[in-house]
Structures are given as structure tokens and as C-alpha cells.
Number of protein chains: 2
Amino acid sequence: MTADVASRIRRVQASMVGQSVDALLVTPSADLRYLTGYDARPLERLTALVVPAASEPVLLVPALERAEAERSAAALAGMQVLLHEETDDALAMALDVVPDAALVTVDDHMWAARVLAIQAARPTVSVRAAGRLLAGLRMRKGRDEVASLRQAAAAIDRVHARMGEFLRVGRSEREAAALIAGAILAEGHATVDFVIVGSGPNGASPHHSVSDRVIEPGDPVVVDIGGSTADGYRSDCTRTYVVGAEPDAAFAEYYDVLLQAQRTQCDFARAGVTAESVDRVGRRVLADAGYAEFFVHRTGHGIGLETHEEPYIVEGNQLVLEAGMAFSIEPGIYLPGQHGARIEDIVIANHEGVERLNTTTRELSVLEG
Amino acid sequence: MTADVASRIRRVQASMVGQSVDALLVTPSADLRYLTGYDARPLERLTALVVPAASEPVLLVPALERAEAERSAAALAGMQVLLHEETDDALAMALDVVPDAALVTVDDHMWAARVLAIQAARPTVSVRAAGRLLAGLRMRKGRDEVASLRQAAAAIDRVHARMGEFLRVGRSEREAAALIAGAILAEGHATVDFVIVGSGPNGASPHHSVSDRVIEPGDPVVVDIGGSTADGYRSDCTRTYVVGAEPDAAFAEYYDVLLQAQRTQCDFARAGVTAESVDRVGRRVLADAGYAEFFVHRTGHGIGLETHEEPYIVEGNQLVLEAGMAFSIEPGIYLPGQHGARIEDIVIANHEGVERLNTTTRELSVLEG
């Protein structure tokens, strides 16, 4: 963790002052890791970063996690670590750091039980979700973060490059997924986040996970996989393969259209255009070829310390993309009951266009099977 | 998923009526899986089970997850599945299922942004955490659930039985942990939830994860590992090993005390005694031997679809244990700067005592290393 967490804290405090927010409470989450470098598990014992708008932040942790907290980037940079014992009222201790706060923001994923406990303990305080206060910082990646995303993408590309080992006629999706999960770890990830293997008709369900369906000759297979590296940054890449025989003509035809749509979106996206416009240019290519109704989801999502984060590449999101934003471009075509295809790359926006972090071939690959 | 989700819904509705709760909203979580058999990922698109106190529940899901939702136990049992498209206001759709609700409860882990959005959309509605409404059901395990926990425990026991392959003098904690993670999957888990390998002084930090520290001859090594099986039930078992040479005399002495404390707790625990009393009997054994100050955490936690859930075995918890409750008994002794030890079994309470699900030896094992 080389990130300068102290400067991130200063930037969030500046935003807090601008929005009249008195305090920010952050429980274990990507937000906590971003602001402190501390990768705490979200458990029932309270861990919370308390950031007052105008004074020094405090990291409150269970006493038995002291050693881990003190090794975090934030603690090493001098942040105070406050300990609570098993029978302490930890939430009261967190609120006591900001006794006069009138407007408190919390991380978007804080547990409901905690938000409601804060409201009950401080009935006169306004509680709001931090939302853009943190997302605004997190979606603009620094150079270190881009390097981490590039490393994660290279690791998942190595798994895709080996797909011929995993997808075989006669093997079930579940069996293939277990092998892929092993490869995700072996190729340099610390965790496996998800493995989607959608063969034949299962490929027509965008969020299909795996099943006991056995791969048949000529099956298109959607493989959407991702993990996180030791520093917490995520990979996410989809390729659609055909296994063991040529696919049917309908698939080959729409796969080409999909390839063209994805390329058009990658060519179009850059700093200065809106998120929704990237979605629209892809949707238009598909519509022109008669496939509008078969592209049933948005084009993409931001990625970083979470697999899905801002910016979302979706109709209605008028956010103007900026250099350093990282997101997926992943159009799909899904023919219910038959098969489907999706092509996904993680990209980093710059002023000239985007850098595609995933680089394995997007041309239709027929694996030997 | 053989559980009768319909009967769980009926039981939660009966509790709601008893507590004048008009509606329950449950987002992806162990609670959702418990009530519907649906293992949805917690993502930004809203998935929510809406349970009115006195009418039929509805499962609201993103349209692109339709196929998965319709395969859930709840949908197969006839629950209505309602779909929302990418640009719909999904939260408004969920609240429209219960237009007249005055008191709404939400799952304890619902995201803050969603709880606060509910409050903003319905300013006159009272929102509360479901808390005991669901925990009360979930902590009393049914026969199917006990069978699943037994299967998970057997899988993690097989990993512990192979520990001599993984812990070696000259190998780092991180390297050993990677091998252990592979074995957790190979021995029958669907996911690796955590791998703690605390060697030498790192064993004195109860929530140490892993580090690059290399195992030395005579090191005590705390190995606390767990995963989940395909049906979502968790394993969690700790054994403390010594690697490559006899440990120092201080360790051997306190390890025996710890073993006695853990045995005393397992002999004492049963339906009808309080959670805190199980903690106390172990603490007394350690105190009598002069180690009171080195047992720095509670005795245990419930386990089921989550690794940590109710009942917590901790001072202050006067809950009376019941037959079918599942929890850990895991006292520890930690000598800062030197080493530590913990022994953990998952147990199921019955009227005569407890069934220990973990059965590998608890006697001090010196691995060849």
C-alpha cells in the first residue's frame, strides 16, 4: 500500500467542509480501505474510522485487532488508533469523537443496524449516506491505482488465455468453474470474486452463475470472471467461447455485431463524454442490426477496490467522464432459450480515448474441447 | 435447498404480528438466503424480499437476474417474483408492495444508503432493524441445518488433518495459507472464508491474518480456518500446532491449561444454561492458573449461514441456550511478543450437553516440519 492515505483524508475533509458535513463514519468496506489502507473484515465488533471535518481522524478498533490496525497505512502515517474491549459500548465511543456534530455522513454500505443505532443514540443529529463525498474521490484513480488495476487485468487475462484447458465437451459448468477458480488464484489473485460459466441456453441469462449443465459440442459459453489482488484491486473480464464444434449460424452472425458494438464503444469513450453516451453508441449498433431488445443491461460499471462502483455506464447517467476513471465496457446479446454472448474489457479513460486493460483476443474462438 | 422456506416466512410473519411490524424488507444477505433459498450477491441493483405482515411476500429482482431468482426455493414454492428494469425506481417498487406500512423492519446488514433512502421516501414510516425478529429464528437450527453444519465441519477437519503438509519450517505464513486455501476448496467447500496462520509472536494477535514471517523450528502456530459449503453453511475451526521442534516450556504449560478450559466449557454447555455462563466457566479455569489477563476475547459466536451470528458467548449475554443452537467454543491464551494458542470447536447444544462437530485431536501436536 503505497497510496498516500493522509492526502485522501485531507481531500475528503475539504469536501466535507464544502458540504457542511461535520463528521464522516466509515465501517469496514472499500471506503475504509481507500481512506486508511486497512482491510478489516465486516464483522459484528465495530471497526470505524471517524473523520471530523476540522480535526484529526481516529481509527476505532476492537482491542483484539490492535496489531492489524497498527500495521495499516493510516496508523503508520500517524493516525490515532483507539481500542475498545469486548464489553464496551463501541458506537458511543465512536460518536464521542465528534460530540458536537450536527450532520454526520456514513459509508454507503454501513449496516442498517448501525445507522439506526446512531440515529437512536443521537436523535437530533442528521445522518446521510456519504455517497458522492467518497465516490467522487474513489472514481478518479491515481497512478498507483491504475497500476494495480493493470496488474489485476493481466492476471485475469492469463486465466482467459488458458480457457482451452477448462472448457471441455462433457464437462459440467460447475466442474469447469472449479478449475477456473483455481487458475484465478494460481495466476496472481488473492481472492476469487465470481466465476460465471454460462453454456448454451444458460449464456442467455446475464447473471447466471454455474450449474450442472454439461457442455455440448458447438455450445457458446459465456465466461465472466474476476478476483482481487493482494492490494485489493479487482479484475473483471468476459469472453465468449465456442467449444468443440462450429456454432450455429445465428450465433456467428450476432457475435460479429456484438464485437462491432463493443469496438465502437471503446473507440468512442474518452474523458469529456458522458457516461450515458457510451451506452447509447453501443445500443445504436445493436439496434441497427435488429438486436436492440436482446441487450438487456447497461453497458458497464466502474471498478477499483470494488467490482461494481461508480461511474455506471447507463442511460440517465449524465456524469462527464474524466481522465483516470476506470470502468467496464461489456455489451451483450441474449437470445432466451438459445444462447448469449458478452464481451467485456476494463478500460481507463484519458483525453484521447481509453486504454483497454484486457487484451486477450475478442475474435470468436472455437476451442478444441 | 431442502429447507421449507414457506414455513420460515410464516414464522417470521407470526413474529411480525406479535411485534406490530407491518413489513420486513430483506436485501441480499444470510437473512435473504434463509428466507428464500436465494443466494444473491449484494450489488448496487436492488434485490429485495418484501414480507407484509398479513399478505403474500414478493421477491423483487433486477430483470437480468430473473432466471436465477426463479430457480430459488422460494420461487419454486410459489413466491411472486417481480422484475425491475435498469432505469426503474426499484426502491419505490419495493415500498409500493406495502403502501400502508407504518412500521417497517429491514435486515440488519441492509446498506445505509438504502435505509436512508427508505426514510427519505417515506418520512412518516418508522424504520427499525429486524434484529431478533430474524436472529431468533436463525439461531435455532433445524435438522437440515445441523446436517449442513456437520458436513462443513467434516470438510474443515479434513484440512486440519493434513496440516503437516502445509506448515513447514522455512515456509512463510502466506505460503502456508495459500496451500491451506487450496485444500479448503479441495476438501469440499465452495468458498474460502478466512485463513489465519499466526506463527510465533503473530499467534499472540487473535485476529492476525497472515504475513511474510517464516516459520521457525519450535514455533507454535495458530491455524484458524473456515469456508462455506455449496448450501451456504459455514465451517470455523482452530487448532494450534508446534512445528519442527519441541516448544518452549512456557507454551507447553499454558497449552495444557487452555485445553482444560476448553474441555470444561464443552462439558458445561447445554440447553438451559446462559451464554455468559459458558464464557465464565472457561475464564475461571484460566484465572485459577494465573492466565486471566491473557484471554482477551469472548468465548464464541453462533454460526450458520454466517460465520459470526447469534448467539454470542460473552459476558453480559443472559440468553438461555436452547437445543439446536450452534456456536463456537474457542478460548485462547495470548502472550504478547511471544506466542499464543487457541482451540476452537463448533458445537450444537442439546439437553444433555453439546455435540462437538470438530473432532481432530486437540492434544498438542508437534508436526515434523
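Each chain gets a letter, A, B and so on, in the order the sequences are listed, and its residues count up from 1.
- Within residues 107-119 of chain B, the residues having any heavy atom under 4.5 Å from a heavy atom of chain A are, by residue number, B/D107, B/D108, B/H109, B/M110, B/W111, B/A112, B/A113, B/V115, B/L116, B/Q119.
- Between chain B and the options A/V106, A/T87, A/V127, heavy-atom pairs under 4.5 Å are most frequent for A/V127.
- Residue contact with chain A, scored on non-hydrogen atoms closer than 4.5 Å, involves the side chain of B/F194 exclusively.
- Per-residue heavy-atom pair counts under 4.5 Å with chain B were compared for A/P42, A/A67, A/S205, and the maximum is reached by A/S205.
- Side-chain contact check for A/S209 and B/E68: no donor-acceptor pair (N or O, by modelled atom type) lies under 3.5 Å.
- Distance check: A/H207 NE2 to B/L64 CG gives 5.0 Å after rounding to the nearest 0.5 Å.
- Counting heavy atoms of neighbouring residues, nucleotides and ligands inside a 6.0 Å radius, atom CZ of B/R128 does not exceed 12 of them.
- Using non-hydrogen atoms only and a strict 4.5 Å limit, the part of residues 304-319 of chain B facing chain A consists of B/H308, B/Y312, B/E315.
- Of the atoms belonging to B/R71, it is side-chain heavy atoms, and not backbone ones, that fall under 4.5 Å from chain A.
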Decide yes or no on side-chain contact (heavy atoms from CB on, under 4.5 Å) for A/R45 and B/R298, but give the supporting numbers first. CA-CA 11 Å; A/R45 292 183 182 95; B/R298 67 187 176 206; 3.0 Å; yes
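- With a 6.0 Å radius and a threshold of 12 heavy atoms from other residues, nucleotides or ligands, B/R213 has its CZ atom above the threshold.
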